[in-house]
Number of protein chains: 2
Amino acid sequence: MKLNTKSRYAVMALADMAVFSRNNAVSLRDISLRQGISLLYLEQIFLRLKKNNIVKSVRGINGGYILVKSPKELKISDILLALDQKVKTIGCKKDSKKSCNGKSTKCITHNFWDELDIHINSFFENKKLSDLLKNRETRI
Amino acid sequence: MKLNTKSRYAVMALADMAVFSRNNAVSLRDISLRQGISLLYLEQIFLRLKKNNIVKSVRGINGGYILVKSPKELKISDILLALDQKVKTIGCKKDSKKSCNGKSTKCITHNFWDELDIHINSFFENKKLSDLLKNRETRI
DNA sequence: AAAAACTTGACTATTTTAGTCGGGTATATA
DNA sequence: TATATACCCGACTAAAATAGTCAAGTTTTT
Ligand code: FES
Ligand code: FES
């Protein structure tokens with residue numbers, strides 16, 4: 001039950017932007033240096049974030065990325081969604097013809113996993129990027 | 001963010017036992033047939049469950065497995081623990097020398113992931129095997 | 001023109017997952 | 001006591017997912 005690095009780095013990078021952007025674009029190079037994340041990997045991640053309207057880009061020199069919403073309004077669930085990091089603890093829902101064990105009826109545990117997904121999703125829904133920034137000490 | 005099949009099958013198999021055991025051992029063969037899970041895979045799973053004292057075994061003919069605790073007392077978290085399915089959404093905690101980004105201080109998102117882990121774990125802690133059996137319809 | 005920085009698809013090595021296989025051992029019953 | 005049933009256990013493997021790199025661009029500012 002692990003989160004992949006893409007999602008982790010995305011949240012980390014956006015938190016970095018929230019801290020260091022002073023109304024101007026933040027370059028991936030700076031994020032890479034501050035957060036210790038590979039620049040090439042960040043590029044891949046920000047491609048998705050841009051397509052999903054989490055950030056917008058400014059090209060050319062002094063360019064970089066800007067948060068579309070304020071950290072107070074940006075839900076963590078939006079970020080994860082942008083990276084296809086769906087919280088689906090099991091995967092039997094897609095083709096309703098087949099349950100997880102190949103039978104036509106839902107298995108005995110189905111409702112339980114559904115509840116779990118709801119539980120986790122509600123956590124991400126209720127957290128905003130700004131929540132990560134509170135009471136950080138000397139970090140970053 | 002997916003649960004592995006071992007954990008899923010473990011919960012499913014134990015739920016099956018809770019339903020079909022009438023004070024006698026339930027064989028893996030029966031579980032396999034009812035739940036559509038490979039017998040050989042179940043053996044591997046039950047090995048762990050046994051080692052972690054979730055079930056005990058009865059060898060020989062008419063043998064099988066028996067739940068050590070009643071379904072009302074068996075926490076889902078115990079089951080997952082038996083299968084090493086730790087809920088650690090990120091993995092930076094083990095060697096405290098290194099944070100997830102290789103720096104000496106914890107990264108800006110660290111506390112957030114910790115909170116997430118607690119949130120998910122509390123779900124598994126508070127659910128008992130018997131909770132899965134409530135209001136199941138024609139399932140199984 | 002040159003440099004900084006974003007854009008994009010394809011590619012790859014590593015790790016994890018989801019199982020299988022083979023060769024056991026114990027026990028109830030006929 | 002033979003035999004079938006069912007647990008026991010380590011080793012193995014194919015396939016999928018992950019994490020990250022590479023190459024070859026384009027755009028914009030100075
Ligand atoms: S049928 Fe949905 S989890 Fe088994
Ligand atoms: S240092 Fe723990 S998650 Fe980054």
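Throughout, a chain's letter reflects where its sequence line sits, starting with A, and its residues are numbered from 1. Both backbone and side-chain heavy atoms feed into the values below; hydrogens, waters and symmetry mates do not.
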| task | Would you check if the distance from the ring center of Phe123(B) to the ring center of Phe123(A) is below 6.0 Å? | result | no
| request: Find the distance Leu83(B):CG to dT17(C):P and express it as a whole number of Å. | output: 12 Å
| said: Would you say Ser57(B) places a side-chain N or O within less than 4.0 Å of OP1 or OP2 belonging to dC8(D)? | reply: yes
| message | Can you tell me how the ring of Tyr9(B) sits relative to the ring of Tyr41(B), calling it parallel under 30°, perpendicular over 60° and tilted otherwise? | response | perpendicular
| query | So which one's nearest nucleotide on DNA chain C is more toward 5', Ile61(A) or Asn62(B)? | reply | Ile61(A)
| message | Any side-chain N or O of Tyr9(A) below 4.0 angstrom from OP1/OP2 of dA19(D)? | response | no
| His110(A) (side chain) donor-acceptor with Ser99(A) (main chain) under 3.5 angstrom | no
| message | Whether Lys69(A) and Asp78(A) form a salt bridge (side-chain N of Lys/Arg under 4.0 Å from carboxylate O of Asp/Glu) is what I want to check. | response | yes
| request: Please determine if a side-chain N or O atom of Thr5(B) lies less than 4.0 Å away from the OP1 or OP2 oxygen of dA18(C). | output: yes
| request: Determine: side-chain N/O of Tyr65(A) to OP1/OP2 of dT7(C), distance under 4.0 Å, yes or no. | output: yes
| query | Ignoring hydrogens and angles, does a donor from either the side chain of Gln44(A) or the base of dT21(D) sit under 3.5 Å from an acceptor on the other? | reply | yes
| dC8(D) OP1/OP2 closer than 4.0 Å to side-chain N/O of Lys50(B) | yes
| task | Would you kindly give the CE-to-C1' distance between Met17(A) and dC6(C), to the nearest whole Å? | result | 13 Å
| request: Look at the side chain of Arg59(A) against the base of dT29(D) and say whether a donor-acceptor pair falls under 3.5 Å; ignore hydrogens and angles. | output: no
| query | What nucleotide, of dA18(C), dT7(C), dC7(D), holds the atom closest to the side chain of Tyr41(B)? | reply | dA18(C)
